[in-house]
Amino acid sequence: MQPRTSPEVGGMGHSMKRKEDPRFIRGKGNYVDDIVLPGMLWMDIVRSPFAHAKIKSINTEKALKVPGVLAVITGETLAKYNLHWMPTLMSDTQMVLPTEKVMYQAQEVAAVIATSRYAAADGVDAVEVDYDPLPVVVDPFKALEPNAPILRTDKKDKKDNRIFHWEAGDRAATDKAFAEADVTVKQALYIPRIHVASIETCGCIADFDRVNGKLTVYMTTQAPHAIRTVFALVAGHVGLSEERIRIVSPDIGGGFGGKVPVYPGYVIATAASVVIGKPVKWIEDRMENLQADSFARDYHITAELAARKDGTITALRMKTLADHGYTDAAANPSKFPAGLFSICTGSYDVSKAFVEVDGVYTNKPPGGVAYRCSFRVTEAIHAIERITDVLAQELKMDPAELRMKNFIPKEKFPYKSALGWEYDSGDYEPALRLAMDKIGYAALRKEQAEKRARGELMGIGISSFTEILGAGPSKHFDILGIKMFDSCELRIHPTGKAIARFGTKSQGQGHETTYAQIIAEELGIPASVVQVEEGDTDTAPYGLGTYASRSTPTAGAAGAMAARKIREKAKKIAAYLLEVSEDDLVWEPGKFSVKGAPSRSKTIQEIAFAAYTNHPPGMEAGLEAVNYYDPPNLTFPFGSYICVVDIDRGTGMVKIRRFVAVDDCGNIINPMIVDGQIHGGLTMGMAPALLEEISYDENGNNQAGSFMDYLVPTAVESPSWETFKTVTPCPHHPLGAKGVGESATVGAPPAIVNAVVDALSHLGVKHVDIPITPEKVWRLLKEKGVAE
Ligand code: CDP
């Protein structure tokens, strides 16, 4: 798309440099841990060494004698105020601090408040807890067996460990299609537990001002408004009503979904500050972050496809067991216990489908956060893109050809999927063709055949994914009943500069730049003089925050709509100043001019000045607008990725030789930022495919509780990503834009797995679960007799 504005104005389509970067690269960012308040105290947390145990006693005597330690808070302390349990975002309940038993290794058991972090840590060491270990349930399949110990004994009516059963689609019609199919394939796959592992861990400073009764919490949260409402609901009974709570989310060092939930640490620090009357800081260390914060994924999926001999897919069936840990603290919209997993028909025109998911309690940390993913779309796309390749292998068909045959045709959009979604727009074939051209698909297949003849292992993997981004619409989407819209409040100053505040919260996505570009596009005010603010509940308009790539589809749209309201008023002022009727005016970015007399015009800056100095009689002064945008639908970006791998027969090491990514996120606001999002997303997609996993031993001990074992990729492990675009505008977004932040994390893993399986398919390999570690591959090679 050719930009409509000049580079100086910097509207849509300009690769404007990020306004936030000068402060980040000079070390001038302002993160929670940078904030130091007068008289501030420190909090550190005692954590359980057991995954399931009764607490017989907690002795705080020695801890209270440690120099600098002021208080030790236990579940009993909080129980006096009925604050020892809190609701999760999925309307389950979660312990803030336990009074009876612990349910996972590293669970919070008590908190020590001290004058320094060192003293707090020493205090933690001195707290004596007497535990009585209970049987541990690690395996979600075993958790559902009739003789499994019931974990949630706090729920009086609970007779098993099932959290929910959820299903979508037509079971009978799907079963019939499977019974009548020429070919059926079935594959069990496990999408393991992973962790967002953002550079900045979680933390907060709770600051209760006893004089005016106001609580300010500086917090690493992606959703400040929702958190404030949750705080008001949980702590209203102890006098913290919503107008007295201010949540400030300063710069955030990566969120990726992990900073959506309310963690017990936030509540304990707040309770401590309210009781002591001083600011209390709590910052997790890396191991606490990896062991106790919300995890992602952990889906055990059985995927099936039915097809005709020619490769036409006739039906899809998926059955999933979701391990949620000891409480359902997923960050899904309320009505979607399995998130948006029902997007699992992906990019294909599948007329019959049925999907069911069972959520299960185990002795693991709670969660199910959408790690750079729109509520389980990553799991869904992994399953469909994998099983499509299994079908191609069964039919001995090229996986690209099979995809082309089954893509939803362009003419069918808006497309109603068998599982109930209405895809807004799409054009899948050109994206895959572009990827094939860019990577040189035909030549690679030839090279592969030659290498195979020589015993070398090379594979080519494709993933043609469809994403689902931008929750709302509010008629379907809410969190704890709060409808999922988002907002912008835009004010134009007399000299034509602007401030725009949003209900979202950037964690590195560059909102200060792209939101300013949206205003520039709509009003012609240079993006460089549009100040963007988010994250302070005292000043920003109410919104549900940033996750699931919802910012552009919701708050970005609100920005455009608020600007359009301003343009309407500006038109009235221009007509008054130029002494013509509004109908005689034409708009081009930055000014209104008189039809047929272009020299007679008023710039937006002149109009802004008049709004405060010479506005029409009877009109309100000023130039500002608010918009709460409730999207009519989600946006459905898509893409086709192709990955080429070489596998070392001596070590089992998988090397990504090339990776071509073609993305389509509709109209693009800032091409450079979109490329950055794709690069980061691809790296975060490679991570679970090849490296990352949080596993547990039979006693529920986390096996990847530090960066020694939880392998986060760096630039060294990352290939040189090759990125390209197609543009299929969103028909319902005011700017034609779709979300993009998570597309690559969703699309990349199956492309990598498909490439690895493709490299080994002639040996009879049909599937490999992620992470595809060298050891896993080497064992497979050994089993097939080809390891060197
Ligand atoms: O909610 P989140 O910011 O994570 O995701 P997003 O809406 O996909 O946007 C990520 C970044 O890419 C933001 O800075 C967007 O403004 C930018 N973007 C863009 O420039 N053009 C698009 N079509 C979509 C996003």
Side-chain angles (χ1 to χ4, degrees), residues 1 3 10-21 196 198 222-223 252 254-260 331 370-375 377 424-425 467-472 484 486 488 500 502-521 527 530 532 534-535 543-560 629 631 634-639 663-681 684 723 725-730 732-747:
M1 193 178 79
M12 279 180 73
H14 290 290
S15 284
M16 183 179 168
K17 281 193 182 166
R18 299 195 342 155
K19 292 168 100 181
E20 41 275 85
D21 282 348
V196 302
S198 46
Q222 299 174 231
I252 295 188
F256 310 113
K259 288 174 180 165
V260 176
Y371 169 165
R372 206 164 180 174
C373 141
S374 193
F375 318 118
V377 59
D424 55 355
S425 62
E467 257 275 53
I468 174 164
L469 300 176
M484 294 185 82
D486 229 291
C488 169
F502 294 83
T504 46
K505 175 63 206 166
S506 190
Q507 312 117 46
Q509 295 93 328
H511 291 178
E512 284 168 53
T513 310
T514 47
Y515 284 163
Q517 288 185 265
I518 290 173
I519 308 303
E521 175 76 10
V530 179
V532 170
E534 302 173 288
L544 271 284
T546 290
Y547 40 86
S549 297
R550 64 187 297 280
S551 302
T552 305
T554 58
Y629 189 79
L634 293 136
T635 69
F636 295 77
F638 59 91
D663 273 276
D664 192 318
C665 59
N667 292 336
I668 292 175
I669 300 155
N670 184 320
M672 179 196 73
I673 285 185
V674 167
D675 261 353
Q677 293 286 305
I678 304 284
H679 277 228
M684 284 185 102
T723 57
K725 306 279 170 308
T726 59
V727 175
T728 311
C730 172
H732 59 80
H733 186 279
L735 300 165
K738 302 183 180 186
V740 76
E742 299 162 345
S743 292
T745 329
V746 170

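For ligands, and for the atoms within them, numbers begin at 1 and follow the listed sequence. Values reported hereafter were calculated over all heavy atoms of this structure, with side chains retained and with hydrogens, waters and symmetry mates removed.
The heavy-atom pair separating P3 from M12 by the smallest distance is CB-O, 3.5 Å.
Ranking the protein heavy atoms by distance from atom 21 (N) of ligand 1 puts I669 N, 3.1 Å first. Protein heavy atom in closest approach to atom 2 (P) of ligand 1: S551 OG, 3.5 Å. The protein heavy atom nearest to atom 25 (C) of ligand 1 is T552 OG1, 3.3 Å. Looking at atom 8 (O) of ligand 1, its nearest protein heavy atom turns out to be V740 N, 2.6 Å. Ranking protein heavy atoms by distance to atom 4 (O) of ligand 1, first place goes to Q509 NE2, 3.0 Å. Of the protein's non-hydrogen atoms, S549 CA, 3.4 Å is the one closest to atom 5 (O) of ligand 1. Scanning the protein for heavy atoms near atom 20 (O) of ligand 1, the closest one is N670 N, 3.0 Å.
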Between E20 and T513, does the side chain to side chain contact (heavy atoms under 4.5 Å, CB included) criterion hold? Intermediate values first, please.
CA-CA 7 Å; E20 41 275 85; T513 310; 2.5 Å; yes
Determine whether R372 and E742 satisfy the following criterion, side chain to side chain contact (heavy atoms under 4.5 Å, CB included), listing intermediate values before the conclusion.
CA-CA 5 Å; R372 206 164 180 174; E742 299 162 345; 3.6 Å; yes
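Annotation: V674 places no N or O atom under 3.5 Å from an N or O atom of ligand 1; distance criterion only. Checked by distance only, ligand 1 and H511 come closer than 3.5 Å through their nitrogen or oxygen atoms. The shortest N/O to N/O separation between N667 and ligand 1 falls below 3.5 Å. Checked against a 3.5 angstrom limit, the closest N/O atoms of Q677 and ligand 1 fall outside it. For ligand 1, the polar-atom distance check finds an N/O of G741 within less than 3.5 Å of one of the ligand's N/O atoms.
Side-chain contact annotation: S551 with T546, donor-acceptor N/O pair under 3.5 Å present. Side-chain atoms of S506 and Y515 form no donor-acceptor pair, as typed in the model, at a separation below 3.5 Å. Checking N670 against T514 by side-chain atom types alone, no donor-acceptor pair falls below 3.5 Å.
Atoms of ligand 1 lying under 4.0 Å from at least one heavy atom of I668, given by number and element, are 21 (N), 23 (N). Every atom of ligand 1 with a heavy atom of A737 under 4.0 Å away is listed here by number and element: 23 (N). Taking every heavy atom of G739 and a limit of under 4.0 angstrom, the matching atoms of ligand 1 come to 8 (O).
Ligand 1 has C665 within reach: a non-hydrogen atom of the residue lies less than 4.0 Å from it.
Scanning I673, D486, T635, T514 for the heavy atom closest to atom 16 (O) of ligand 1 points to T514. Between the choices K738, M12, E742, the shortest heavy-atom distance to atom 22 (C) of ligand 1 belongs to K738.
The backbone N or O of I252 lies less than 3.5 Å from no partner atom in the side chain of Q507, so there is not a single donor-acceptor pair. Looking only at distances, no side-chain donor or acceptor of H511 sits under 3.5 Å from a matching main-chain atom of T552. With S374 contributing its side chain and L469 its backbone, the two residues share no donor-acceptor pair below 3.5 Å.
Under a 4.0 Å N-O distance rule, the pair D664/K738 does not qualify as a salt bridge.
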